[in-house]
There are 2 protein chains.
Amino acid sequence: MRTERLPTLEDVARIAGVSRATVSRVINGIRNVDPQLHEVVWDAVGRTGYVPNRLARSLVTRRTGTVALVVSDSESHDDDPFMSRFFADPYFGRVVGGLMSVLRAQGVQLALQIVGTDDGRKRLVGDLRNGQADGAIVLSLPAVDPLPRMLTEGGVPAVLIGRPAEPVPIDYVDLANDTGAALAAERLLSRGAQRLAMISGPADVPASSDRIAGFRRALARRGHGWVPIETGNFTRDSGEAAMRTLLAGHPGLDGVFAANDLMALGALSALREAGRRVPQDVAVVGFDDSSAAVAASPALTTIRHPLEDMAAEAARLLLARIEEPAMRVSSVIYEPALVERDSA
Amino acid sequence: MRTERLPTLEDVARIAGVSRATVSRVINGIRNVDPQLHEVVWDAVGRTGYVPNRLARSLVTRRTGTVALVVSDSESHDDDPFMSRFFADPYFGRVVGGLMSVLRAQGVQLALQIVGTDDGRKRLVGDLRNGQADGAIVLSLPAVDPLPRMLTEGGVPAVLIGRPAEPVPIDYVDLANDTGAALAAERLLSRGAQRLAMISGPADVPASSDRIAGFRRALARRGHGWVPIETGNFTRDSGEAAMRTLLAGHPGLDGVFAANDLMALGALSALREAGRRVPQDVAVVGFDDSSAAVAASPALTTIRHPLEDMAAEAARLLLARIEEPAMRVSSVIYEPALVERDSA
DNA sequence: GAACACTCGGAAAGCGCTCTCCAACCCCGA
DNA sequence: TCGGGGTTGGAGAGCGCTTTCCGAGTGTTC
């Protein structure tokens, strides 16, 4: 099976009685080839079951029809369960789904790449420059990541999902995280909550710090000063722990904003355990509008994060930049919206 | 940036003052090259910042260091939301996570491929035979899918996750779905439930039919005859609808087995809406032990599905087959386990 | 009928790499 | 001094494709 040689351009050419060049032209629909020959060639293609070899083609055209989805992680070891947690999180799947919705239509493939070390990043950039893929969509996890800069300096078309921590001239799509957090704050206040608190993500990643800043600012505007903030790491368990800590330090709180739904779920557990009713005693607002939000009980009032749309836009942006590398660097910011359910 | 030509083997050879062949040998660590030259070459590599071109290498070695993750769907259109639902489901992410855990350690990359038409399948097999990837992990969604057979006939190393609907000599990993369903049945019975029902997935996909068969068989063994089964499509909403239908037709039922957690979640909603308490009035068992199970309220008693482990094993199997194409076809069946929580 | 403009198809030069020969060389024993 | 065995490094032939030249053929115009 695998052993028998596959038909090549050469074979097709021989059978059709023309040159390799002609077959190539016919297959790629280039120039006006005599309709008669055209037919003869396609016939030979059909008879041989010829399929062009993408590798060989890419080698000369410098185009692969592939885009890399790069997950840039900080120093992760193989036995580190973090990555598997990352993949199990709906975040990853939603991004892939959004990307595929536009890539698939263009016949572009997606190659998954994970880099966890600077060495890995260097190799990745090298491979990309060598035409391993036409461009990259980057999911950058570490608080500060050299990858975006390395990519732009290497001249690799790339689009970030989520803004870079430090300014880099690179395309990206992002969510107005601060606005989202402000929506949460206003919802809690308008529900009558007075003593608010927040369960945030790691303070050094942009999405997190933006949510913290947005929440604080919105409260300040409404005359609320300092609010207790407990830091989690976006997992359910960390949300539960954070909630316990908050309750211990501030038993009178009546409103909580969690920086994602998973942590809100954890908070719900901790509140139930502490005998607090949601939303009567404590109102809770999550973030993301993930499927977990509707599964929760009470169903989570949360902030909608149009991740699929963002990923799709990132893909479009990347395709455009691949087509036109000199294009001006741009970024697209999506507006979040409040989703009202039962928890606040 | 992108314009400047990248250093090639040739350049390195010139700088090191040796031939291309020698540089190639040094880089690939082949044969005993004079230690002195060895050093000279590496030095030149460092100075030029040379990175081997994978494409060119693959073209001659017939090895890409890439494995395709193929999602074989039936006739899906671009505006069909099904795919995005599929990606958002934790199933996809868990599979990717499991695969990556072993592929990454081997430096193997994963390329995502989606095929929705027979034409697409044909092209895919052609590309794979041409060495687009070294092998494929297949997630086959349609009830009956020609892809597995096409792959084996094309001599493409491939491993299925989930057994093929019709017997094909191909490696696969699967879960003992029937055993899992039996565990659910026994749990319900031992909790004292007497009038059981099931919310199944589409009856024509193997995983579904196995769960149905296992559930029925276990009940029959315990002297329970016919049980009402309502069919859903693995989404939350379909579970809710199915539960309503069941309640309408069998108001007295006191135990439900849902073929996955998402549908169990929907069932929970429908039961609450109907004023039934879970587990006091109606006991509910789910399937998968997804993250939704613990988020649910009451937390779902469910069947653990070690998907990450299965995917990892699939990856190992594939790597082995790529290494040794003549290896005997094998399959690995995982045993599910009952996870006791609150809903049953 | 010659000069010109086109159209079409073929030859061949790569793309960047690997790997099989083969020549050159070294060391040893006869 | 010479032949044989064992290294080591270089030349060069591909892997399967695209694409630039060019030459040959056709039709058009004065």
Please tabulate, for side-chain N and O atoms in residues 37-46 of chain A, each donor-acceptor pair with protein atoms closer than 3.5 Å (sequence neighbours left out).
unit_1	atom_1	unit_2	atom_2	d
D43(A)	OD2	R47(A)	NH1	2.8

Approximate separation, where rounding is to 0.5 Å, of M310(B) CE and L317(B) CG: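 So the CE of M310(B) and the CG of L317(B) are separated by 11.5 Å.
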Return the value, rounded to whole Å, for the distance between atom [atom1] of [X] and atom [atom2] of [N].
X: Q132(B); N: dG16(D); atom1: CD; atom2: P; value: 15 Å
X: E10(B); N: dT18(C); atom1: CD; atom2: C1'; value: 14 Å
X: R14(A); N: dG16(D); atom1: CZ; atom2: C1'; value: 14 Å
X: R63(B); N: dC19(C); atom1: CZ; atom2: C1'; value: 17 Å
X: E39(B); N: dG9(D); atom1: CD; atom2: C1'; value: 18 Å
X: H38(B); N: dG9(D); atom1: NE2; atom2: C1'; value: 14 Å
X: R129(A); N: dG16(C); atom1: CZ; atom2: P; value: 13 Å
X: Q36(A); N: dG9(C); atom1: CD; atom2: P; value: 10 Å

Those residues that, when tested against T66(B), pass side chain to side chain donor-acceptor pair (under 3.5 Å) (two or more places apart):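 Expected list: none.
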Thinking salt bridges, do [X] and [Y] make one under a 4.0 Å N-O criterion?
X: R121(A); Y: E153(A); answer: no
X: D127(B); Y: R123(B); answer: no
X: R316(B); Y: E323(B); answer: no

Kindly assign one of parallel, tilted or perpendicular to the pair F92(A) and F92(B), based on the angle between their ring planes and the thresholds 30° and 60°.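 Rings of F92(A) and F92(B): parallel, under 30°.
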Once side-chain hydrogen bond (donor to acceptor under 3.5 Å, both in side chains) is applied, what residue pairs with a partner in residues 138-147 of chain A remain, sequence neighbours excluded?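 Those involving residues 138-147 of chain A are S72(A)-D145(A), S140(A)-D145(A).
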Taking atom types as modelled, is there a side-chain donor on T48(A) or D11(A) under 3.5 Å from an acceptor on the other?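 Distance-only check fails for T48(A) and D11(A).
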Given DNA chain C, 5'-ward residue of the pair R20(A) and P35(A), judged by closest heavy atom: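 On the 5' side of the pair lies P35(A).
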Using a distance-only criterion (donor-acceptor N/O pair, under 3.5 Å, no hydrogens), is the base of dG10(D) paired with the side chain of R25(B)?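 In this structure, the two groups form a donor-acceptor pair.
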[X] side chain near [N] phosphate (N/O to OP1/OP2, under 4.0 Å):
X: T22(A); N: dG9(C); value: no
X: S19(A); N: dG10(C); value: yes
X: N130(A); N: dG16(C); value: no

So what does R62(A) hit on the nucleic acid, given a heavy-atom distance under 4.0 Å: a base, only sugar-phosphate, or nothing?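 Sugar-phosphate, no base atom in range.
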Under 4.0 Å, heavy atoms only, any strand: does T61(B) hit a base, just the sugar-phosphate, or nothing?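 Sugar-phosphate only.
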Please identify each residue that fulfils side-chain contact (heavy atoms from CB on, under 4.5 Å) with R163(B), with sequence neighbours left out.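 side-chain contact (heavy atoms from CB on, under 4.5 Å) list for R163(B), sorted by chain: Y172(B), D174(B), P206(B), S209(B), D210(B).
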Bend angle of the helix from dG1(C)-dC30(D) to dA30(C)-dT1(D) from five-pair axes at both ends, rounded to 10°?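 That helix gives 60° between its end axes.
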For DNA chain C, the residues among residues 47-60 of chain A that have a non-hydrogen atom under 4.0 Å from it: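 By residue number: L59(A), V60(A).
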